[in-house]
Amino acid sequence: MKIRTNFLIAISCLLILSACKKEQPAQSINKDIQVMHPRVIWTEKPQEHAIISWTSTHLGEGNYVLFDTIPNLTGNTHLKANSSKDGKIFIRNMDYAEGIPEAFYHHTELNDLMPATTYYFKFCTDNSCSETYNFITAPDKDQPYAIISGGDSRLGGEKPRFAGRTPSIERQQMNRMIAKLTEEDPSIIAFAHGGDYCTTADWRHLYYWFEDHTLTITKDNRILPLIITRGNHEHEIGFLENFWLGDITNEYSDGYFFMTQITPSSALITLNTETSMAGDQLEFLEETLEKHRVKNNWMFVQYHKPAYPAVKDFDREDFYHVRKYWVPLFEKYKISLALESDGHALKKTMPILNGKVDPDGIIYIGEGGLGVPQRKPFPDRWFFGKESIVDSKHHLWKITVTDSLANVTAFGIEQDTLHTFSLTPKPFLVESTAN
Amino acid sequence: MKVLPINLSLKSITGLAQVLKFILVLYVLAFCLKLKKGAVISSVLVVENGYSELSAFWIEKGVAIVLLLSLIGIFFKVTYKLSIWIITAFIVGYALLSYFNGGKAFLELSLISAVSKWWLPLLTSIAINAYYDHKDSLNRGFLFGIQLSIFLIFMSHGIGCFLKNALYIDYIIGFVGDYTPFSIKQYQAEQLLNIIGIIDVIVAVLVLLKPSKSLLYWLIFWGFLTSLLRIVDAGIFNYTEFLIRAPHFGLPIAMLIIWNEKIKAKDYSSSPSLSKS
């Protein structure tokens, strides 16, 4: 009993000591406040609402966004929105060890915006303001539009641990391509990221993701709003701190699942494979599809872990749960397209219905190629066929949507077309669910 | 410090060695199967260290082959010690690699659960050694090693319940929905998780401070049930997740063998007829 007691005391002391251990002291304070890492986030109503997020080197006493529909923000006519959420970004000893500077997150909600309007903005911490950026709100009328979809942009950093891949060439190249695509096609209005931004959501990884993300900004400083998905590499507190969704109107805001009404007849549902799939989220999905599917000609769904993986083990329980809980609802409500990530490969499945290839089924595209090294997929799986694609190539998907047609194209890292296909809206009537 | 030995019959020593060997085989076999399907080693090599997929594939398969050979090695007197060290090095390395690679919820809890099995090969080695040397006693630290493992397993499981592990919620909702005529909501599953969490933490503490035979039966039952749930929920092809949890019910079985001997010895020494003789 004595050895046991001593052991317990020793363990307890170690735990107490480690809990009391101070993080490294704050780095010396630089008098010049720097603001950086601009992001625009869309949640449910992008016609009238957006979140502007940024990082600063000091918390500051006043954090705010100046914005207007004209580029000149120097006068007094512009609008001002104070930040809704600020704080110090959690930093581990590993972050310090890699020389990442301490920083603070800021999020400001812009409400009552006008639809289909270019907004110019700059964000400020105390008197340090960024340059002027702009973004376009979503339209309130049906009109052709395009979104970029992709996932898995892991890696980044300056340490040799990353095997000569730093700076992450592929991720940066993909981001430059996003900027170029947006410059070439102004109808691109958002960037739906499928998750796994970095290896972890710790600051040493997120910092470089934000640095690289600035490469998606166009020459005229246009920022593509992000519609974010939570991936399995985002379990750390850094994700909650830096990707804040604001007061979206449902009770599930902390669950990172919501519906973005892109146009009056087109929506994107974002689901979270990293929380319970069978509980509240399943109810949310059913209620949302029941309520909104009829009036939405196009209903896209994005989430991280795939139902039909091209690379990883098909029988894994997390993939099985996607098929068990969500796919029946996708099929019941005939969603237009499912956007998946996680596998690090390019894929488009055959249309799938009731666990079989069926022309009336749902196509699943993905599976994560925004810079992460690509894996070798398994093209002989039953859900791949003549009309599908499965390859090991960096990629992103551009989905161009009109009333009667959606063109879906996979672009490679050289902006080369890897695959393209078209979708027509699936007729969906209320009676069809009753049947 | 004097560490008192636990006296065991040769039959119990044999049983203990066989049980621990069996648990270790199932546990390590699960890793071999995981490695075959592609696991964290190739992920880290390819994604973070720039290895080609082919090289990473062969390295991972190579590790799996070495592990399999080591498993075979524990059945032979001349090789079991080397095998045990190889397996230990792998288990420790894999746990740390998984932790630093991220990509999983409750990484800290997973690490604690993995740490609880770090000395499993060593315990197996001690039992095998006692069996080969025909010893009739084991160091009391041996029992404490098993107790500590069980404590960590059930404690991490209990904390996972309090933290509302999403997988546990889905197991409960799925199980009730699939095998009963009822359905439950997430908040009800979470309430149930709180109760399960309290029970897990209590039994974890009890196994360390005041173990009993009935407690060990409960641990075997609950450890087996929660491991089996991985197959019940996601089908037989999810068997690696069941195998990897073999220590959750296997270690309480090993402890029960020792406990039975202890009770026998206690009864023997306190028996009036025996003391008279």
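Numbers restart at 1 for each chain; the letters A, B, ... are given by sequence-line order, proteins then strands.
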Of Thr200(A), Asn232(A), Val372(A), Leu282(A), the largest count of non-hydrogen pairs under 4.5 angstrom with chain B goes to Asn232(A)

Check for a donor-acceptor pair, side chain of Asp170(B) on one end and backbone N or O of Met277(A) on the other, with a separation under 3.5 Å.
yes

Greatest number of non-hydrogen atom pairs under 4.5 angstrom with chain B, of Arg375(A), Glu274(A), Gln374(A), falls to Arg375(A)

Tyr171(B), part contacting chain A, at a heavy-atom distance under 4.5 Å:
side chain

Is any side-chain heavy atom of His344(A) closer than 4.5 Å to a side-chain heavy atom of Val46(B)?
no

Indicate yes or no: does Arg316(A) engage Glu241(B) in a salt bridge with an N to O separation below 4.0 Å.
no

Max heavy-atom pair count under 4.5 Å with chain A, selected residue of Ile184(B), Asn165(B), Asp178(B), Ile172(B):
Asp178(B)

Measuring heavy-atom distances to chain B, does Lys312(A) have an atom under 4.5 Å in its side chain, in its backbone, in both, or in neither?
neither

Residue pair Glu283(A) / Lys185(B): nearest heavy atoms and the distance that separates them
OE2-CD, 3.2 Å

Least distance between heavy atoms, Asp315(A) atom then Asn238(B) atom:
O-OD1, 4.3 Å

dist Phe237(B):CZ -> Tyr320(A):OH (nearest 0.5 Å) comes out at 12.0 Å

Distance-only, no hydrogens or angles: does the Glu317(A) side chain make a donor-acceptor pair with backbone N or O of Ala234(B) under 3.5 Å?
no

Begin from the C-alpha positions of Phe57(B) and Lys376(A) and carry the test side chain to side chain contact (heavy atoms under 4.5 Å, CB included) through to its verdict.
CA-CA 10 Å; Phe57(B) 172 88; Lys376(A) 194 177 161 223; over 6 Å; no

Which atoms of Ser42(B) approach chain A - backbone, side chain, both or neither, heavy atom under 4.5 Å:
neither

Which bit of Tyr325(A) is near chain B, if near means a heavy-atom gap under 4.5 Å: side chain, backbone, both or neither?
side chain

How long is the gap from CE on Met94(A) to CZ on Phe100(B), to the nearest 0.5 Å?
5.5 Å

Would the distance check show the side chain of Asp313(A) and the main-chain N or O of Lys37(B) forming a donor-acceptor pair, the cut-off being under 3.5 Å?
no

Side chain to side chain contact (heavy atoms under 4.5 Å, CB included) between Leu107(B) and Glu236(A), worked out
CA-CA 9 Å; Leu107(B) 266 176; Glu236(A) 293 77 14; 4.3 Å; yes

Do other residues, nucleotides or ligands put more than 12 heavy atoms under 6.0 Å from the CH2 atom of Trp58(B)?
no

Asn101(B) and His233(A) side chains, donor-acceptor separation under 3.5 Å
no

Option that, when pairs with chain B are counted at under 4.5 Å, heavy atom only, ranks first among Gly231(A), Ser276(A), Gly279(A)
Ser276(A)

What pair of heavy atoms forms the shortest contact from Asp280(A) to Gln186(B), and how long is it?
N-OE1, 2.6 Å

Side chain, backbone, both or neither of Glu234(A) within contact of chain B (heavy atoms, under 4.5 Å):
neither

With a 4.5 angstrom heavy-atom cut-off, could you sort out which part of Ala189(B) is near chain A: side chain, backbone, both or neither?
neither

NZ of Lys393(A): more than 12 outside heavy atoms within 6.0 angstrom?
no

